[in-house]
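Notes follow once the structure below has been shown.
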Protein chains: 2
Amino acid sequence: MYLPSLAQLALGSRLKSLSDHFYAAVDEVYRSCGAGVESRWFPVLRFLWEHGETTVSDVALAIGQTHSAVSQLADKLVDAGLVQRKKDAQDGRRSLLVLTEKGQSALSALGPIWVAVRRGIMRSLGEEGLTTLLAALAATEQALEERPVVDAMLAEHAALTSAELEIIPYAPALKDHFYRLNAQWLERHFRIEDIDRELLGDPERYVLAPGGAIFFARLAGEVIGTCALLQESPGVYELSKMGVDETFRGMGAGRSLLAAAIAEFHRREGRELFLESNSRLKTALRMYEQVGFVLQPSVRAGSHYERADVYMVYQPGKRRPARAARG
Amino acid sequence: MYLPSLAQLALGSRLKSLSDHFYAAVDEVYRSCGAGVESRWFPVLRFLWEHGETTVSDVALAIGQTHSAVSQLADKLVDAGLVQRKKDAQDGRRSLLVLTEKGQSALSALGPIWVAVRRGIMRSLGEEGLTTLLAALAATEQALEERPVVDAMLAEHAALTSAELEIIPYAPALKDHFYRLNAQWLERHFRIEDIDRELLGDPERYVLAPGGAIFFARLAGEVIGTCALLQESPGVYELSKMGVDETFRGMGAGRSLLAAAIAEFHRREGRELFLESNSRLKTALRMYEQVGFVLQPSVRAGSHYERADVYMVYQPGKRRPARAARG
DNA sequence: TGTATTTACGTTAGTGCTTACATAATTGTT
DNA sequence: AACAATTATGTAAGCACTAACGTAAATACA
């Protein structure tokens with residue numbers, strides 16, 4: 001399943017899917033018990049059952065739908081003989097919905113089914129799973145009511161677009177971010193090799209001590225990307241461990257990190273700068289080319305990584321040979 | 001809001017409502033940022049962005065929708081110029097969906113908006129609220145996949161309908177149920193008065209010791225209802241503290257409890273049996289009438305309860321006088 | 001009292017999805 | 001190789017809901 005990996009971004013879709021799932025499940029139970037009702041009728045029927053005759057808009061307000069929806073639902077319930085429309089004597093505009101005798105008895109007969117539904121859900125989700133789900137739903141409903149989410153989003157957007165992207169050098173407090181940001185793409189596309197784990201876990205020893213450098217990109221206070229420059233041998237540098245948080249891509253962080261690393265390479269008057277990567281990482285490769293890396297015909301001899309199938313060398317000025325050079 | 005009070009029973013409706021809420025919120029943000037996309041497109045677009053060209057059914061499988069839905073969505077995306085349909089060279093049946101250049105750049109530009117959406121949700125729900133919601137959703141999705149909820153419901157239903165309702169006398173282990181079952185309806189319709197709290201909290205002292213009795217209804221191992229017979233003065237009994245778990249109503253538990261209490265009244269050769277209630281409790285009043293209680297013209301003198309506005313006396317044989325007795 | 005505004009409801013058109021069906025291409029079987 | 005079965009997709013019809021509109025009744029206000 002792909003959606004859960006999107007977490008907050010696909011909340012709407014995930015909730016919808018769960019909703020459909022429950023509706024369908026309950027409908028199937030109703031059907032196979034011969035209940036003669038549909039799951040979507042439940043809120044209205046139950047409300048009328050508990051509260052007696054009620055106007056269309058009061059029902060709509062209570063169950064959180066529009067009056068049209070309730071009105072149309074009422075049509076069906078009337079057709080099914082479960083509900084009756086009565087004119088309000090005091091107020092001629094209002095139309096009171098009441099359960100008919102048939103509706104009353106149908107709902108009473110539904111009792112055991114509701115219990116079964118409830119216990120079935122509990123059995124399937126587990127008692128704890130169900131309570132946490134219900135608690136989370138209630139909290140979300142309340143939060144959305146109290147703190148309009150649109151305003152919050154727009155405020156965040158304004159803050160983000162006005163914030164400036166900073167590139168900062170390594171500091172011990174940022175060590176965990178170095179691991180996190182790299183683990184993200186490694187886990188998604190490949191797997192974390194032993195050599196990764198070692199290097200990412202102790203960057204001071206494996207990157208800084210041998211004469212390398214690490215940069216971080218920070219936006220509005222959040223560390224969103226990183227990039228390392230390793231000194232392989234005197235004057236020979238490797239660009240590596242470049243990672244930008246998935247949710248912050250496309251904002252230029254990668255490009256800025258790359259620029260910072262290359263600037264550092266020049267500042268140290270390095271002789272050679274190369275990188276190893278994988279052909280699957282299309283957007284990264286495109287970016288490398290754009291800043292001056294040139295694809296080499298074969299993998300670098302003695303690469304440390306299983307996943308390396310691309311070898312590029314920094315040769316600003318040179319362009320990658322065009323495909324149809326002869327023509 | 002009424003729905004949350006229904007808890008598990010209206011899960012579908014509540015999830016749907018939340019889903020709509022999120023869709024609408026994100027759409028509004030997209031619109032006011034001039035993003036030119038709709039929130040419902042997100043799963044497809046994002047998937048294509050991450051995975052490149054993909055067949056219709058693979059997309060559908062990944063985002064958990066039908067191929068038709070994806071196909072129709074693709075029509076719109078093509079209209080919007082974000083996606084292109086390509087024929088698969090190997091397999092003529094397949095239709096590959098790919099982002100166009102415009103689609104690529106639109107999605108890249110969307111980065112900051114997604115971040116804002118994500119942070120906005122977090123700000124609105126709170127960091128903890130969001131994590132618990134996501135965790136609960138993930139757990140639910142997984143549970144539904146592993147343990148089909150329909151089967152669980154049907155199994156519970158079978159167990160319930162074959163189970164027999166038992167009426168059992170008071171036992172110390174059941175004390176807490178006496179409080180719980182009565183608190184439920186008291187809190188919903190009235191409020192718990194001091195006299196309630198005292199009596200419900202120590203039934204042995206206030207009900208049994210003065211010569212009363214308490215019964216419980218049990219179904220499939222669950223205690224679902226209770227009812228008390230209080231001795232007010234020698235030979236004079238009060239029927240009181242009758243409560244059936246909301247989710248187990250309409251299964252005859254109330255009627256059985258009532259019958260047990262009346263039988264006990266006869267067994268003790270009581271002289272008078274009365275009850276106090278409230279006119280709002282329609283179903284209960286109807287039941288009392290059916291078993292032989294007769295509505296009295298005025299409230300009983302010196303009632304202990306604020307909520308009492310109905311006074312009934314057990315007079316089997318007598319019926320309530322008909323409304324139009326004269327005609 | 002007469003007129004504008006508000007309220008309650010129903011109706012219509014449209015949206016996003018589903019199910020059911022149709023069609024074309026591929027694969028399996030003999 | 002010929003035919004049936006399967007697979008991938010698109011299309012049509014239907015459902016649940018919404019938004020927008022129209023109408024009737026009630027209310028506010030001068």
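Letters go in sequence order (proteins before strands), and every chain restarts at 1.
- To the nearest 0.5 Å, atoms CD1 (Ile121(A)) and CG (Leu144(B)) are separated by 8.5 Å.
- The side chain to side chain donor-acceptor pair (under 3.5 Å) contacts involving residues 126-138 of chain B comprise nothing, where partners must be two or more places apart or lie in separate chains.
- Qualifying side chain to side chain contact (heavy atoms under 4.5 Å, CB included) partners for Arg119(A), counting only residues two or more places apart in sequence or in other chains: Val115(A), Glu156(B), Leu160(B), Ala220(B), Glu222(B).
- Residue His21(A) contributes atom NE2, which lies 18 Å from atom P of dC17(C) at whole-angstrom precision.
- With sequence neighbours excluded, the residues that form a side chain to side chain contact (heavy atoms under 4.5 Å, CB included) with Ser68(A) are Thr66(A), Gln72(A).
- Separating the CG atom of Leu96(B) from the C1' atom of dA8(D) is a distance of 11 Å, rounded to the nearest angstrom.
- Here salt bridge (Lys or Arg N to Asp or Glu O under 4.0 Å) pairs that include residues 21-47 of chain A, with residues two or more places apart or in two chains, are Arg46(A)-Glu50(A).
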I'd like to compare against my own output: the B/S/- annotation of nucleotides 11-21 of chain D with a strict under-4.0 Å heavy-atom distance to protein. BB---SBBBB-

Pairs: protein N or O with nucleotides 27-29 of chain C N or O, under 3.5 Å:
none

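- For Gly92(A) and Thr55(B), each mapped to the nucleotide of DNA chain D holding its nearest heavy atom, the one lying further toward the 5' end belongs to Thr55(B).
- Protein atom CZ of Arg94(B) is 13 Å distant from nucleotide atom P of dG10(D), rounded to whole Å.
- In this structure, Lys87(A) atom NZ and dA25(D) atom C1' are separated by 9 Å, rounded to whole Å.
- For Leu73(B), the side chain to side chain contact (heavy atoms under 4.5 Å, CB included) partners are Trp41(B), Val44(B), Leu77(B), not counting sequence neighbours.
- Evaluation of the ring pair (Phe, Tyr, Trp, His ring centres under 6.0 Å) test over residues 93-138 of chain A, restricted to residues two or more places apart or in two chains, returns Phe42(A)-Trp114(A), Trp49(A)-Trp114(A).
- The salt bridge (charged side-chain N to carboxylate O under 4.0 Å, His left out) check on Lys86(A) picks up Glu53(A), with sequence neighbours excluded.
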